[in-house]
Amino acid sequence: MDKMIIGYKNSNGEVIDTQTTNDTSLTPITYGNSPEALNIIRHSTAHLMAQAINELYTNAKFFVGPTVDEGFYYDFRVDEKIGEEDLKSIEQKMKEIIKKKAIIEKYIITKDEALVKFANDDLKLAVLSRINDTEISIYKQGDFEDLCRGPHAPSVNMLHNFKLTRVAGAYLGGDEKAEMLTRIYGISFADKESLKAHMLMVEEAKKRDHRKIGGEMELFMFDDESGAGLPFWMPRGARLRARLESILHTAHRIRGYEPVRGPEMLKADMWRISGHYACYGDNMYLTEIDEQEYGIKPMNCIGHIQIFKHTPKSYRDLPLKYYEYGVVHRHEMSGALHGLFRVREFTQDDAHIFCTPEQIKSVVLDIVEFVDSVMKLFDFKYKMFISTKPDKAIGDDSVWEISTQSLKDALDDNNLSYEIDEGGGAFYGPKIDVKITDAIGREWQCGTIQVDFNLPERFGVEYTAEDNTKKQPVMIHRAILGSFERFIGVLTEHYAGEFPLFIAPTGVIFVPIADTHVEYANELKKAMLGINIDSEIYDKNDSLNKRIRNAEKQRVPYVVIIGDEEVANKSVAIRDRRTKEQYNLTQDEFMVQLTKQLTEGRI
RNA sequence: GCCCAGAUAGCUCAGUGGCAGAGCACUUCCUUGGUAAGGAAGAGGUCGGCAGUUCAAUUCUGCUUCUGGGCUCCA
């Protein structure tokens with residue numbers, strides 16, 4: 001028979017392994033890199049790893065070893081401390097085991113028998129306590145056996161192409177209060193080439209790491225003495241950020257948004273009314289001023305609500321769109337901090353739109369158009385998720401109905417596909433989350449659109465309707481980038497630091513050949529500022545070759561060489577990063593080209 | 001916050017219970033060069049911080065701050 005069959009799929013799409021059936025009328029799953037095959041291979045590789053760990057650490061006790069998006073892991077407990085360097089010996093042991101070519105067998109026992117069999121293994125008992133079935137399957141390879149629902153590959157012989165990637169701690173069952181187990185992550189593929197390609201992707205991701213590039217390019221920094229998770233923007237990073245802010249500012253104004261700005265902190269009572277004090281208090285920084293408690297804002301909504309309430313509003317004012325680059329502080333656990341991706345102080349591109357329930361659909365449609373423009377600008381593919389009413393929710397079902405349907409209609413009308421996250425909404429309303437995919441295929445959650453009936457109610461927000469009665473508006477919270485910090489982090493990795501001209505912190509580096517050419521370079525730099533291009537002059541006492549090499553390494557769109565010829569002709573000798581070409585233009589032609597290229601950043 | 005691993009020059013990293021090291025970057029000088037690393041000299045460190053063990057600690061121990069990989073959480 002075909003040795004390459006590693007499982008079957010039944011008519012319900014369920015995967016059944018070869019240990020369970022050899023019914024050839026089922027659809028076979030052949031050994032390869034299909035999602036189903038990989039799932040089986042990785043699951044079995046997790047077991048293989050457990051077997052190796054079991055041989056190396058005889059006191060090891062195992063919890064669960066599932067597959068995940070990026071491979072597999074196994075959680076276990078050992079007396080020894082396991083570090084990265086131990087992964088090599090575990091891999092070595094796994095390879096030894098493969099050489100024995102053990103068949104992977106399966107047998108069934110009752111749950112009662114399993115309870116007896118694993119009586120001395122508290123972790124397996126913990127696993128069993130989570131299983132309701134009366135029958136338990138056990139998989140066995142050589143002398144190693146493990147309680148598992150499968151499916152598994154027929155033989156360890158099929159598990160050659162793996163790599164253990166990291167070791168970490170993980171709570172038993174994901175419970176913060178439970179014991180911390182050791183977790184080892186790994187990945188495997190059907191062939192060597194795919195494994196190699198994956199490891200190359202990981203290498204590429206490492207090269208693009210925004211913390212590394214951000215440091216090299218001097219975009220931003222963190223300072224131990226000042227505190228964790230508090231980013232500092234250095235001149236180059238601040239230039240980039242200012243460009244992004246400026247592009248977005250115009251984009252908001254064109255779309256009818258009004259800029260507003262709320263204070264950095266408010267009396268704690270405001271946060272009590274909003275519900276933040278009770279629901280979000282653990283993440284808030286509180287302080288006391290003149291014996292009164294204040295809270296530093298973790299969100300911008302209250303400020304916008306107070307501004308809305310300050311003057312009477314008519315139905316004619318709706319929808320009313322307020323936006324703010326709102327600085328917020330949120331306490332994140334120290335272990336969660338991660339470069340610009342997770343910080344304790346950040347700025348949201350935040351907006352709150354006050355509208356009637358009937359207007360939700362068109363307002364959301366506008367926002368979706370806005371999101372689409374921004375994501376297209378940066379060449380991001382994206383997906384949308386609509387999250388519906390959770391079990392614990394406030395508000396009438398009818399209002400949930402109309403607003404959820406409005407979200408769906410808005411996306412359907414715009415021909416945008418989305419997935420439904422059933423019950424994933426906030427307690428105060430449904431939402432759309434935007435997940436973007438970067439240049440090397442990684443996904444990031446950035447933008448979010450949330451419908452809210454809760455805060456208008458709590459703060460007594462109202463407007464005068466056509467019939468001269470007071471009515472309550474709906475509030476739509478939305479962010480497109482999410483936060484400037486995270487988005488710039490993502491952009492940095494997306495472009496590997498080679499930002500397009502319209503946000504590049506430095507658009508041009510001028511390299512004068514000799515001192516006599518510096519004056520012209522200064523003139524050019526000044527002219528550049530006139531058309532909103534930041535440039536730098538590299539006139540250090542290094543050899544010309546070295547200066548060109550260093551300038552080229554700066555990830556700047558244009559390197560421009562200035563010599564006698566250029567000074568005489570008022571021209572520039574260009575090295576164009578985008579076209580990877582060298583050519584000459586007059587100064588005027590160059591400025592026209594740059595100005596034109598800057599307009600690519602208009603949305 | 002929890003588990004594991006780290007912290008040595010501006011950066012990347014060697015190294016040692018007994019005077020602190022390299023490459024790059026930096027400063028000065030020579031070189032004034034037309035397209036990817038010219039040469040020489042110099043400066044730079046409380047070996048993250050605080051205690052403890054020791055004749056002696058950058059090295060061993062404890063605590064602490066920060067960083068990394070996860071868990072958890074989230075923009």
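Proteins come first, then strands; the chains are lettered A, B, ... in the order of their sequence lines, and each starts at number 1.
Leu544(A) comes within contact range of the sugar-phosphate backbone alone, with a heavy-atom separation under 4.0 Å but no base atom that close. Note on Ala573(A): a base of the nucleic acid sits closer than 4.0 angstrom, heavy atoms only.
Between Phe220(A) and His210(A), the ring planes lie tilted relative to each other; the angle falls in the 30° to 60° range.
Taking CZ of Arg547(A) as the start and CD1 of Ile509(A) as the end, the distance is 12.0 Å to the nearest 0.5 Å.
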For this session: Starting at the 5' end of nucleotides 68-75 of chain B, put B wherever the base has a protein heavy atom under 4.0 Å, S where only the sugar-phosphate does, and a dash everywhere else.
Result: SBBBBBBB

Exercise. What one-letter contact string describes nucleotides 39-49 of chain B from 5' to 3', where B marks a base within less than 4.0 Å of any protein heavy atom, S marks contact via sugar-phosphate atoms alone, and - marks no contact?
Worked result: -----------

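In summary, of the residues considered (Phe487(A), Trp444(A), Phe380(A), Phe499(A)), a ring pair (Phe, Tyr, Trp, His ring centres under 6.0 Å) with His494(A) occurs for Phe380(A) alone. Tested against Glu485(A) for a salt bridge (Lys or Arg N to Asp or Glu O under 4.0 Å), the candidates Arg342(A), Arg344(A), Arg241(A), Arg330(A) yield a single pass: Arg241(A).
Applying the side chain to side chain donor-acceptor pair (under 3.5 Å) test to residues at least two apart or on different chains, the pairs with a partner in residues 551-563 of chain A are Glu216(A)-Arg555(A), Glu552(A)-Arg575(A), Tyr558(A)-Gln593(A), Tyr558(A)-Gln597(A). The salt bridge (charged side-chain N to carboxylate O under 4.0 Å, His left out) pairs that include a residue from residues 556-574 of chain A are Glu523(A)-Lys570(A), where partners are two or more places apart or lie in different chains.
Not counting sequence neighbours, the partners of Asp542(A) by the side-chain hydrogen bond (donor to acceptor under 3.5 Å, both in side chains) test are Tyr538(A).
No N or O donor and acceptor, one from the side chain of Gln582(A) and one from the base of G34(B), sit under 3.5 Å apart.
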Exercise. Tell me, what's RNA chain B's dot-bracket, Watson-Crick or G-U with both distances under 3.5 Å, | for other-strand, [ ] crossing?
Worked result: (((((((..((((....[..)))).(((((.......))))).....(((((..]....))))))))))))....

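Taking atom C1' in both C55(B) and G42(B), the straight-line distance is 37 Å, to the nearest Å. Distance noted for atom P between A20(B) and A57(B): 13 Å (whole Å).
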